[in-house]
Asker: 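Before I ask anything, let me first share the structure, which is written out below as structure tokens.
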Amino acid sequence: MFSPATRKRHINPPPKDPNLGQPLTTGSPATPLTENRRSSALGTAVPNRPSTGTPAPWTSRLSVLARISPVKEIEKRADTDPVKPVYVGEFPEEVRDAQAGFLRKSAPGEPGISGGIDKETSLSWIICGNQLFVWSYFSSASKNCVILELPSFSEEDDINAPSNRDNVWMVCFVNCSGKSGSAEKVVKKFDSVGVVMCNQKSKAVIYWPDIYSKSMKSVANDHPQPSRMGSRNTNSDESVYFNSLIASPVPVSSHVCIAIASASDGTLWQFHCTPSGIHRKEISTVFTTQSNHSIESGKSQVGKGYPKSLIWRFRLFTPEEFHREFFLLTDTEIHCFRISLSSDINVAMLWSQEIIGTDSDLGIKKDLAGQKRVWPLDMQVDERGKELAILVATFCKDRVSSSSYTQYFLLVMQYKSGLNYFSDNTEPIHERVLEKKAPIQVIIPKARVEDENFLFSMRLRMGGKPSGSTIILSGDGTATVSHYWRNSSRLYQFDLPWDAGKVLDASVFPSTEDSEEGAWVVLTEKAGVWAIPEKAVLLGGVEPPERSLSRKGSSNGRAVEEEKRNLSFGGNVAPRRASSEAWDVGERQRAVSTIIARRAAQDEESEALLGHLFQDFLLSGQVNDSFEKLQDCGAFEKDDETNIFACTSKSIVDTLAKHWTTTRGAEIVAMAVVSSQLLDKQQKHQKFLQFLAFSKCHEELLTRQRRSLQTIMEHGEKLAGIIQLREFQNTHSQNRLNASSNPYPDSRNEKAGSLWDLLQLVGEKARRSAVLLMDRDNAEVFYSKVSELEEVFNCICHHLQAIIRTEEPFVVQVQQACEISDACTTIICAAIQYRNEHHTWYPSPEGLTPWYCQLVVRNGLWCIASFMLQLLRETTDLKVKSNIYSHLESMADVLLEAYTGAITAKLERGEEHEGLSDEYWRRRDELLDSLYQQVKAFVEESYQNSIKDTEEPKEVLLRKFSTSLLSLAKRHEGYLTLWNICCDLDDTSLLRNLMHESVGPNKGFSYFVFKQMYLNRQFAKLLRLGEEFPEEVAIFLKQHKDLMWLHEIFLDQFSSASETLHALALSQGHNDLSSEQGQDPDNLNLEQSLTDRRRLLNLSKIAAMAGSNHVFETKIERIEADLKILKLQDEIIRLVSDVKEKPDIGQSLLPPGELIRLCLEGNTPELSLLAFDVFAWTSSSFRRSNKGLLEECWKNAANQDDWGKLYEASEVQGWSDEKTLEKLKNTVLFQASSRCYGLEAETYEGGFDEALPLRQEDAEPSILKDPGSSVEGILMQLKNFPEAGKLMLTAVMLGKLGVQMAVEADGPRMSMD
């Protein structure tokens, strides 16, 4: 597949450059083109060398030369290759010096430099001579390089000697800090990292407990003697070598780790590494090797590369875990082991599964036609520990042509769904654990035949972009990205010129998002660190060739350039320069799609035309029908960030200067060129606005593309903000340098600080999101990427602990928090000032949310504000509190303005805003209340101090200290704070002035004051405010009728006061009085006794008489009826309590229906008659609607007397009419009839006849058939009516007529005929 360079015997190595490692004075460090290479200083041309190569930055001034000369030359070329890798950074200076010395001393053919990348710690390493160099590969300033000296075990066996051709080391990094690598996506720092090294040939092991600690930097080593490395097969010790190594920290134990190594003789070795020494022991191998045979010869493969590929199932490890799982790859199987990391370290196998056998469902089917050999080469596992990718090679023969070839493919296995097992099981699992995730992905169907040593040198990496891609590293120093796309594999080869060295290792950049992969990063031997953008893989990937993608090229003669030209991907792709100078291509990838969206050709043409017209305007000042030209090409069709005017504005503010810093590090912030470049951008952006105005494009955008114009103007806001931030940083740095008294001078570097750390974080995140920026400094990227200024607040929200370290002294934390707070307020205040100064340029703001009101900005501001609140609560030092207070007050103003803008935009768009409003009110009150508590603390302290000198009243001090807070609370409707200040000052005049400035029915300070007075039972003050705020008080008191009538009497609204008093007297609870939303029922004093209700009804009667309107008489009648019902309730409750237990009704007013039911339940003659009294004083509508209840009352009244006995007595005794009249007038029916229908009966609103006639014949014809349509009909339903019905009817008729009138009309004889 990839032929090693050492196999090309006909190629002579280039002569050494005597100036190698020294800065070049002329020329370019980039590899010269083929036609120019013959005249280069290297002399001999190299056959089959690529026409272009990746720059080989082996000089200390690589970045300077690579940006001045080569970039300008590339800019002139229209056909620049868009699929180049991106240069990330050079080696640390210590590494470059060691490489130069090593190359001068080494002879041709001797082993080169080895190195690698650790994914968890993001550390890269290189072994050069007898030194191990370790540094962070994604840091833009690789200055913190750790140099470790490799020990020599003996003079006879110097494993570090360059002449030892088998000097191959395996290196593992151990995170001993106890922090998970996933805890911080951008800030990835480990305080304690150990290193385990193992020599493959000599099997020597070296351990550094902590490479960052001077006290723990001592080395522990173990060099085994031949007797200690016993082998179970016949191979000699020299033929047995280690081929894989993993290591893990031991929980609880400090600086102790366990390493596992696999040997080529089929054994596993365990190394217990401590600062005092290394203890090794052989692990009993529980996997079998009978199946590990060559398919062709049947010979055992043990000792020929297997077992190999030790890998942890889960890369990330937490200190709480006491066991881990790891995988091991053999020639036919995958084994899974569990290691216990407790005090008794134990390794046991969990399961094993065959992946190469006769069953294709297992993985790979062997013994296929033409297939001779199968090699599993390497294995990797995904971040979730669910999927395993195995790189496999097969040796085949074409039966037609009899030619031999090698086929490479990728087998992806996954854990079976529904499989349940625990990793601490002691018993092995005998069922199948893995299943194929997808069909086998063929990488190269027919490749050149390689020897086994070359095959076993191949390594696999997974997890980079595009999603699902893998990278294959081969022994000849090449790296190939394989991406399975559209049901076929596409290959992208990362290739360097031979004079730039080999590829040492590859890894993945830590992504800034949990759901995203990172870009591929490649460590080279001499050319530094490079990144492979996703775009390069997608656009530069080619179909697998028939033979190879190595340095020799394809054997079928098909050039890679032709493959690129034939590649159909998303239409025509305009070539762009693949470097940080062309970073505006949009390397910010999203996990939702791995295919980069391409703009339509019309957009490309429109953007190019706009750029051309704008350049002409800059040169000539003329617009020359620009509006018509842009309108014809459809430039005004989009209204979002993809609008070409918005894109052009973004390119202006995001321009990355070509001559910015090249020396890496903090020096960039001290350069005046930064401020100069920002001012140049601002001037150019202002020219762009003038172009829009002169060409009348601004007018079109103002009416049709409001969002696009808003985006353009916000670019100006952000530019103004970042310019002010730059000035603030300069001033702040100067103040730090001039400060003579720093209590913690060694806590930070003079050029460092929380703001510097924040800029580094934002720049680092931007660099990782756009790998084309990897060759730039973090601060350089930050000050260039103006359009994404929101990332400042995003980093504050998610990485505040990395910016402000809690382990720092408290005073330092306060300084850092105030520094970040000042930076945030500086940015936003500058943006607001820009908006105010350029308000005529802005579109109408309805529904548009300013960028500084977005969620990410609000969260960042609240994060630092809440941290400052916490600091404020923790300290008792008033000087420190005063410092925090001043910064927090400014921060609160900015934060609350952001919330106000966001809520306003939601209201204008008609979106739901209750949740946002609640959050705003909650955070506003918390901030203002905390600030006011500090104000009172300052007042108290000042007052105590003033007593000793000149006593100054507290009110004067409070007024002086609270002035700014009063203004802040007034702007943001902090009514509670305003109320507290006015109350503490006892300033009624200030209170009334604030109320006049903010009035309203449901909002405003006046309403809040009314509510506070009501809650505090300051009723007299509240009513006095009615003189100055009559309408506002009236609106407020609609929800508080217990005071409303007093205000209405004050306003001479007597009729309304009568209605209010009447309603208040009859109120059943809060539901009757709090009809408007927002009233708190608990605040109402509604516990009124019946006496209080009578008093209110009498007051209502007096108010009605005072009103003297045309309906006051009716109103008085109703009040009197209610008074009588109140009296009836007293009497009914008294009588009911005599019969049974008194009902628990407290002081509640019972409805008429409840009173009547109590009477029926009492079942006494007195209560039966009182039920009719209640009916009489209700209303005609009540009687009509409650006919059923009235019917029950009549039945109850009839049952109060024994009509059967009365009838028998009348028959036996032969009652005369006088006797009958005398007996009947004492019955309840007689008295009820007299009360309801008698001549002296009193009722409210008509009589009982309207609801229930007395005689059946008086009922309406339509209801005659209803037995309950009259009193007579009701009585006819009683069981005694057949016998005593005549007496019953006589009693009710006598009650209606009255006894006296009955005698006068008919004489002593009465008849019901």
Side-chain angles (χ1 to χ4, degrees), residues 75 82 533 535 570-578 580-590 593 596-618 623 626-627 629-657 680-702 704-719 722 766 769-770 772-773 781 784-791 841-843 848 851 854:
E75 284 181 340
K535 186 176 185 180
N572 296 326
V573 179
R576 293 179 182 265
R577 186 161 35 86
S580 61
E581 308 297 343
W583 69 316
D584 56 334
V585 295
E587 281 296 323
R588 191 173 185 80
Q589 305 298 339
R590 303 296 178 191
S593 174
I596 301 175
R598 305 298 300 169
R599 289 198 207 171
Q602 183 180 3
D603 293 338
E604 294 283 352
E605 294 175 2
S606 300
E607 186 175 355
L609 176 61
L610 176 60
H612 176 71
L613 295 174
F614 179 51
Q615 290 298 325
D616 290 345
F617 172 75
L618 292 177
V623 293
S626 298
F627 176 77
K629 295 177 182 177
L630 291 170
Q631 192 175 37
D632 292 341
C633 69
F636 298 96
E637 294 180 359
K638 291 185 177 181
D639 183 20
D640 52 22
E641 293 182 353
T642 61
N643 178 277
I644 66 166
F645 296 96
C647 292
T648 301
S649 173
K650 183 177 184 295
S651 66
I652 292 174
V653 299
D654 285 353
T655 300
L656 185 64
D680 290 345
K681 287 184 179 183
Q682 190 176 46
Q683 183 179 5
K684 188 173 183 181
H685 191 265
Q686 191 64 31
K687 287 286 187 181
F688 182 67
L689 294 180
Q690 294 176 6
F691 168 76
L692 296 180
F694 294 156
S695 63
K696 298 183 180 180
C697 294
H698 179 268
E699 182 178 350
E700 182 71 11
L701 294 172
L702 196 65
R704 292 184 56 189
Q705 280 90 21
R706 291 195 309 129
R707 295 183 183 276
S708 299
L709 183 57
Q710 174 87 356
T711 303
I712 294 172
M713 299 308 299
E714 286 184 347
H715 289 156
E717 294 176 10
K718 295 176 181 179
L719 193 53
I722 208 166
S769 299
L772 291 175
L773 299 174
V781 173
S784 298
K785 209 158 188 181
V786 176
S787 64
E788 294 187 6
L789 191 56
E790 299 94 335
E791 287 300 324
W841 291 85
Y842 282 79
L848 298 179
W851 70 270
Q854 299 288 348

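Keep in mind it's a predicted model, so treat the numbers as computed, not measured. Index from 1, following the sequence.
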Asker: Check the pair Gln686, Gln682 against side chain to side chain donor-acceptor pair (under 3.5 Å), reporting the backbone distance first and the verdict last.
Answerer: CA-CA 6 Å; Gln686 191 64 31; Gln682 190 176 46; over 6 Å; no
Asker: If you take all heavy atoms of Phe627 and Ser695, which pair is closest and at what distance?
Answerer: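 Nearest heavy atoms, Phe627 then Ser695: CB-O, 3.0 Å.
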Asker: Is the backbone N or O of Ile652 less than 3.5 Å from a side-chain atom of His685, with the two atoms forming a donor-acceptor pair by type?
Answerer: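 Not a single qualifying donor-acceptor pair exists.
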Asker: When rounded to the nearest 0.5 angstrom, what distance separates OG in Ser787 from CD in Glu714?
Answerer: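 Atom-to-atom, Ser787:OG and Glu714:CD are 11.0 Å apart.
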Asker: Does Leu613 form a side-chain contact (heavy atoms from CB on, under 4.5 Å) with Leu630? I'd like the steps, not just the answer.
Answerer: CA-CA 9 Å; Leu613 295 174; Leu630 291 170; 3.9 Å; yes
Asker: Is a donor on one side and an acceptor on the other found under 3.5 Å between the side chain of Ser606 and the backbone of Cys633?
Answerer: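 Yes, the answer is positive, given that a donor and an acceptor are paired below the 3.5 Å cut-off.
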Asker: Between atom SG of Cys647 and atom CG of Leu610, what is the distance when rounded to the nearest 0.5 Å?
Answerer: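 Separation between the atoms: 9.5 Å.
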Asker: Quick check for you: to the nearest 0.5 Å, what is the distance between Asn643 atom CG and Arg707 atom CZ?
Answerer: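 So the CG of Asn643 and the CZ of Arg707 are separated by 12.5 Å.
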Asker: Minimum heavy-atom separation for Arg706 and Leu848, please, with both atom names.
Answerer: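 Heavy atoms of Arg706 and Leu848 come nearest at NH1-CD1, 3.6 Å.
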Asker: To the nearest 0.5 Å, what is the distance between CG on Asp632 and NZ on Lys629?
Answerer: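 Spacing of CG (Asp632) from NZ (Lys629) equals 10.0 Å.
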Asker: Within a 6.0 Å radius of atom CD on Glu699, are there more than 12 heavy atoms belonging to other residues, nucleotides or ligands?
Answerer: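 Result for CD/Glu699: open.
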Asker: Please collect all salt bridge (Lys or Arg N to Asp or Glu O under 4.0 Å) contacts where either partner lies in residues 683-694, sequence neighbours excluded, each pair once.
Answerer: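 Not a single pair qualifies under salt bridge (Lys or Arg N to Asp or Glu O under 4.0 Å).
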Asker: Which heavy-atom pair separates Pro843 from Leu702 by the least distance, and what is that distance?
Answerer: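 Closest approach of Pro843 to Leu702: CA-CD1, 3.4 Å.
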Asker: Where do Ser784 and Lys681 land on the side-chain contact (heavy atoms from CB on, under 4.5 Å) test, with the steps shown first?
Answerer: CA-CA 10 Å; Ser784 298; Lys681 287 184 179 183; 4.2 Å; yes
Asker: Is the ring centre of Phe688 less than 6.0 Å from the ring centre of Phe617?
Answerer: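 Between Phe617 and Phe688, which both carry aromatic rings, the centre distance is not below 6.0 Å.
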Asker: Measuring centre to centre across the rings, with the benzene-like ring taken for any Trp, is Phe614 within less than 6.0 Å of Phe645?
Answerer: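 Not under 6.0 Å, so no.
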Asker: Shortest non-hydrogen contact from Val781 to Ala766?
Answerer: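 Between these two residues, the closest heavy atoms are CG1-CB, 3.6 Å.
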Asker: Using only atom types and a distance under 3.5 Å, with no angle test, would you say the side chain of Lys718 pairs donor to acceptor with the backbone of Val786?
Answerer: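 Flag not set: sc Lys718 to bb Val786 has no pair under 3.5 Å.
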Asker: side-chain contact (heavy atoms from CB on, under 4.5 Å) for Thr655 and Asp680? Distances and angles first, verdict last.
Answerer: CA-CA 10 Å; Thr655 300; Asp680 290 345; over 6 Å; no
Asker: How long is the straight-line distance from CD of Glu700 back to CD of Gln631, given to the nearest 0.5 Å?
Answerer: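 Interatomic distance, Gln631 CD to Glu700 CD, rounded to 0.5 Å: 6.0 Å.
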Asker: If you define the side chain from C-beta out and look only at heavy atoms, does anything of Leu701 sit under 4.5 Å from Leu692?
Answerer: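 Yes, side chains in contact.
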Asker: So, for Ser651 and Thr648, which heavy atoms are closest and what is the spacing to 0.1 Å?
Answerer: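 The answer is OG-O, 2.6 Å.
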Asker: With respect to Trp851, which candidate in Glu790, His715, Glu717 satisfies the side chain to side chain donor-acceptor pair (under 3.5 Å) definition?
Answerer: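 Exactly one pass, corresponding to Glu717.
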Asker: Please assess Leu609 against Ile644 for the test side-chain contact (heavy atoms from CB on, under 4.5 Å), listing each intermediate value before the final yes or no.
Answerer: CA-CA 10 Å; Leu609 176 61; Ile644 66 166; over 6 Å; no
Asker: Which heavy atom in Met713 sits nearest to a heavy atom in Tyr842, and how many Å separate them?
Answerer: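 Minimum heavy-atom contact is CB-CE2, 3.4 Å.
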Asker: Quick one: does His698's side chain get under 4.5 Å of Leu709's, heavy atoms only?
Answerer: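 Side chain of His698 against side chain of Leu709, heavy atoms only: contact under 4.5 Å found.
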